[in-house]
Amino acid sequence: MRHTKYLLPLLALCLLLAACGPKEAAPEASSSAPGTSASPAVPDRSVTDVPEPDISQPDASVPEEPAPLTEEDRAGAMDAAYDYYLGTVFEVHSLTEIEPRQGEIAFQVSCSKGGVKVDPDRTISLEQKNGAWSVVSEGY
């Protein structure tokens, strides 16, 4: 009880600070006269204030189509596919280019495993990133 003399002034100070703190804004509609409307806090913007989009520049969100593959590109992709199969159990007999998805090149792979022809043929898809071909998917 010897600290009670400090408790009352501290409590009074807390009440004073709480009373002087920020207050919520009162709605303006209650302060306006009956029959009149209060002006909104944010000015009303009409549709004509919205700027029109600039259609003279191409849309950057739409990716450009990649350039068609050259014979050098095809040869590089084929080399990368053969290199991929060097580390597997498959012996590649031939690679035939098939219809790939956009930005990729795909091959139908005629191969054998342990001297036995694999049926059906496998498929390998590659894509070029920073000038190097990398395998995107491989399998049946």
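Worth saying up front: this structure is predicted, and the values here are computed from it rather than measured.
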Would you mind reporting whether Y84 and I124 have side-chain heavy atoms less than 4.5 Å apart? yes
Can you give me the closest heavy-atom contact between F107 and A81, atom names plus distance?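 Smallest interatomic distance, heavy atoms only, reads CD1-CB, 4.3 Å.
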Could you pull out the closest heavy-atom pair between A77 and I105, with the gap in Å?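 Taking A77 first and I105 second, the nearest heavy atoms are CB-CG2, 3.4 Å.
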Given the rule that I, L, V, M, F, W and Y join up when any side-chain heavy atoms are under 4.5 Å apart, are [X] and [Y] in one cluster?
X    : Y    : result
V135 : V89  : yes
Y82  : V118 : yes
L95  : L86  : no

Would you give the length of the straight line joining atom [atom1] of [X] to atom [atom2] of [Y], rounded to the nearest 0.5 angstrom?
X   : Y    : atom1 : atom2 : value
E91 : C111 : CD    : SG    : 9.0 Å
M78 : T96  : CE    : OG1   : 7.5 Å
H93 : D121 : NE2   : CG    : 9.5 Å

Can F90 and V109 be said to form a side-chain contact (heavy atoms from CB on, under 4.5 Å), step by step? CA-CA 10 Å; F90 299 105; V109 182; over 6 Å; no
Is the number of heavy atoms from other residues, nucleotides or ligands within 6.0 Å of NZ (K113) greater than 12?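 Atom NZ in K113 is not packed in, count stays at 12 or less.
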Name each donor-acceptor pair under 3.5 Å that joins a side chain in residues 125-133 to protein atoms two or more places apart or in another chain, with its distance.
residue : atom : partner : partner atom : Å
E127    : OE2  : K129    : NZ           : 3.1
W133    : NE1  : D73     : O            : 3.3

